[in-house]
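Convention: sequence-line order gives letters A, B, ...; per-chain numbering from 1.
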Amino acid sequence: MTHRTSAETGITPTAPGFPDVSESAIERVQTTIIDWFAATARPLPWRAEGTSAWAVLVSEIMSQQTPVSRVAPRWSEWLERWPTPADLAAAPTAEVLQRWDRLGYPRRALRLQEAARVIADDHDNQVPDTAAALEALPGIGAYTAAAVASFAHGERTTVLDTNVRRVLIRVFAGRDRPTVSPSRRETVWAEQFVPATDHVAWNAGVMEFGALVCTARSPKCEECPLADICAWNLAGRPVSASKPKTQKWAGTDRQLRGAIMDVLKAAHAEAAEAGDRSTSVVEGVSVAESSSAADGSSVVEGAASAAAGRRSAATDAVAVDLFTAPTADLDDECLAALGPATSVKLTTMRDLSADADRISRLIADLVTDGLAHRSGDRLSLPR
DNA sequence: AACGCGGGGAG
DNA sequence: CTCCCAGCGTT
């Protein structure tokens, strides 16, 4: 029996935004979602019988802000390469970032390896089985901790991702979309919807329901089994006035950081390709000042040689230069002459003209963040 | 609470 | 083009 307050007792006023909900409505929605999930759940690879808790944890980290369709291939490769936390803990970080591929937010890969080391060292290589213990690990917040505890261990937790929040807000609060991040009050409010039994099916089901039916962009209300009870639908699906402004991408620091990481990965791959097994890698990015390339021609030469890579006789290293030249100076013909690793990204950089200062700052940030390693004027993926 | 952080695919 | 995606950590 759920303890209720507010309307029934008159002691606590119903909080605006997170209204009190009747027991019958809760039970109706729970049953509908759980039945719907049993009938229509996608066969995601990490839902297969026998998936280890570690594999579930990896899937959750990879899925943070990344569509599951892009996660699946990387997830399979990771688990084949690093079947347990100890395997990942012992891996070279350069390889970890390389195999993270283009999932985005590569810092997640670093945090995942850190978590693996904590699990291997402090938890006997076993993924913690409570949300509280999981949340203490690097890169694991409230959502991921609850999800892993529920899906991998069967703990009754409140899983509150963007999908769940949207479903609950629409069905029970009649609003279009949740706020940017869940408040403490919303989290407490959401707990009442998790059933005493079948909570794993509820957690997975309501998340899946938000991903497939109650979607953000074009919700499929015509085929929604909750259409008759959904407060948002019954209210005529009002659209909230202001939405959070979208983040720019072209020309931003984030894009440039990604471009630098691309260069480092390409250099790393090229060094590996060259069979440099003993020293393992030697990659580098040297930041060249562009002031001497005002006429443009030397910029092209420099860029071309950078794309081709440069082999150092002394170390058999591959060096890649990242130039700070204005992209405007590179016409299409010149860009076509560039190698794939550098040219593609640099062409989309709007104001790379900016400055060596900017690139230097971002490189320093990457080193600080642990995404790059600096040795003299050479930059590489971290060991 | 607000911000920074990647990258891609759908509308 | 804009929006959105199984968020987290820092300020």
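Side chain to side chain, A:Arg165 and A:Thr179 meet the donor-acceptor criterion of an N or O pair below 3.5 Å. Checked by atom type, the side-chain pair A:Gln64/A:Tyr143 shows no donor-acceptor distance below 3.5 Å.
A residue-by-residue look at A:Ser59 and A:Arg111 shows that A:Ser59 has its nearest nucleotide of DNA chain C further toward the 5' end. Residue order along DNA chain C, read from the 5' end via each residue's closest nucleotide, puts A:Arg217 first among A:Ala142 and A:Arg217.
For B:dG6, neither phosphate oxygen OP1 nor OP2 lies less than 4.0 angstrom from any side-chain nitrogen or oxygen of A:Arg108. When the side-chain nitrogen and oxygen atoms of A:Thr66 are compared with OP1 and OP2 of C:dC5, none of them lie within a distance under 4.0 Å. Distances shorter than 4.0 Å separate some side-chain N or O of A:Thr144 from OP1 or OP2 on C:dC8. Dashed line: the shortest gap from a side-chain N or O of A:Gln64 to OP1 or OP2 of C:dG7 is not under 4.0 Å. Not one side-chain nitrogen or oxygen of A:Arg70 sits closer than 4.0 Å to the OP1 or OP2 atom of B:dG9.
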Mind running ring pair (Phe, Tyr, Trp, His ring centres under 6.0 Å) on A:Trp78 and A:Trp100 for me, showing each step along the way? CA-CA 8 Å; A:Trp78 267 57; A:Trp100 189 257; 5.6 Å; yes
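Each of C:dA6, B:dG4, C:dT2 was ranked by its minimum atom distance to the side chain of A:Asn163; first place goes to C:dA6. Taking only side-chain atoms of A:Glu60, from C-beta outward, the nucleotide of B:dG6, C:dA6, B:dG4 with the closest atom is C:dA6.
Among the heavy atoms of the strands lying under 4.0 Å from A:Ala216 are primed sugar atoms or P, OP1, OP2 only; no base atom is included. Across all strands shown, A:Arg166 has heavy atoms under 4.0 Å from sugar-phosphate atoms exclusively, and none from any base.
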